[in-house]
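Data block below; observations after.
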Amino acid sequence: MSFSLATWNINSVRLRADLVTKLLREEAPDVLCLQECKSPVDKIPVELFAAAGYRHIVARGQKGYNGVAILSKLLVEDVGHRDFVARGDARHVAARLENGVTIHNFYVPAGGDLPDREVNEKFGHKLDFLTEMRDWFHGETPAKSILVGDLNIAPREDDVWSHKQLLKVVSHTPIEVDHLAQVQDSAGWVDVTRKDIPEGQLYSWWSYRARDWDAADKGRRLDHVWATPDIANAAHSSRVLRDARGWEKPSDHAPVFATFDL
DNA sequence: ATGGTTGCACAGCAA
């Protein structure tokens with residue numbers, strides 16, 4: 001059995017519902033994980049997605065902020081969520097496919113501007129969120145699991161347009177990279193995207209603030225697809241749909257894809 | 001060095 005999956009920070013699922021359906025119709029992943037839906041669950045345009053063939057939806061939402069959803073052509077079971085750092089934020093949801101694979105969809109806090117928890121509470125929140133992810137997965141020791149989402153960290157030097165210029169910029173600081181590595185180590189998570197594309201610059205996010213995002217190409221790889229070691233070797237064909245960043249009224253993130261043969 | 005844009009929701013915060 002083979003299935004494909006994509007993760008996309010949509011930055012408002014209602015404003016960009018037509019872009020979601022465009023992606024579903026043109027790229028047709030079996031499962032699409034969305035972050036930053038910025039919508040209560042009951043206001044997600046589920047009929048639109050069902051009409052495109054995605055009849056199974058597992059989501060957590062809140063008004064205006066955060067929000068994660070898993071849209072699927074395949075039957076999925078809602079296997080819950082965890083309120084990381086106990087703020088009542090909708091930043092995690094999990095679903096299980098009939099083949100036994102569990103998919104965790106995360107929206108990790110962005111962390112504010114200053115990379116110092118003493119002066120920026122949001123940075124501390126981000127680090128604490130990552131620490132709780134590490135401890136949770138360490139205790140769970142998951143098998144046949146996939147973890148995707150906007151993790152808001154670009155860990156490698158070639159995951160950012162300038163390693164040197166971003167060392168003190170939130171998303172690429174050594175302490176964040178270390179925290180993310182500890183999450184990854186907690187369950188032996190394999191970075192599927194980099195397993196498939198080991199070399200070269202690779203980005204999934206480009207700021208809205210650039211005059212010409214495509215020409216400047218000052219991107220970062222903030223969106224990730226990870227898998228536990230038992231299924232990581234079944235993954236292939238990873239890619240970033242950079243084109244989507246150039247669509248009309250785009251999200252600032254592009255979707256990241258992977259396929260699993262199980 | 002600074003400011004640049006977007007979404008939500010209607011001011012200013014979060015990203």
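Here is the naming used below: chain letters follow the sequence lines, and residue numbers restart at 1 for every chain.
- Ring planes of A:Phe137 and A:His104: perpendicular class, angle over 60° (limits at 30 and 60°).
- Non-hydrogen atoms lying under 4.0 Å from DNA chain B are contributed by nothing in residues 210-220 of chain A.
- If you run side-chain contact (heavy atoms from CB on, under 4.5 Å) between A:Arg221 and each of A:Asp191, A:Val240, A:Ile197, only A:Asp191 comes through.
- B:dG3 and B:dA15: their C1' atoms are spaced 15 Å apart (whole Å).
- Comparing the same atom, C1', in B:dC10 and in B:dT6 gives a spacing of 15 Å after rounding to whole Å.
- Contact check on A:Asp128 versus A:Arg117 returns a salt bridge, with a Lys/Arg side-chain nitrogen under 4.0 Å from an Asp/Glu carboxylate oxygen.
- Salt bridge A:Glu248/A:Arg16: absent, no basic N to carboxylate O contact under 4.0 Å.
- Annotation: A:Trp136 is in aromatic contact with A:Phe84 [ring centroid separation under 6.0 Å].
- A salt bridge links A:Arg91 and A:Asp89; the closest N-O separation between the charged side-chain nitrogens and carboxylate oxygens is under 4.0 Å.
- No donor-acceptor pair under 3.5 Å is formed between the side chain of A:Tyr107 and the backbone N or O of A:Cys37.
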How would you summarise protein contacts on nucleotides 8-15 of chain B per nucleotide, using B for base, S for sugar-phosphate only and - for none, with heavy-atom distances below 4.0 Å? SS----SB
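- Going from atom CH2 of A:Trp247 over to atom C1' of B:dT6 covers 19 Å, rounded to whole Å.
- Just one residue in the list A:Leu222, A:Val160, A:Leu180 forms a side-chain contact (heavy atoms from CB on, under 4.5 Å) with A:Pro155, and that residue is A:Leu180.
- Rounded to whole Å, the separation between the C1' atoms of B:dA9 and B:dG4 comes to 22 Å.
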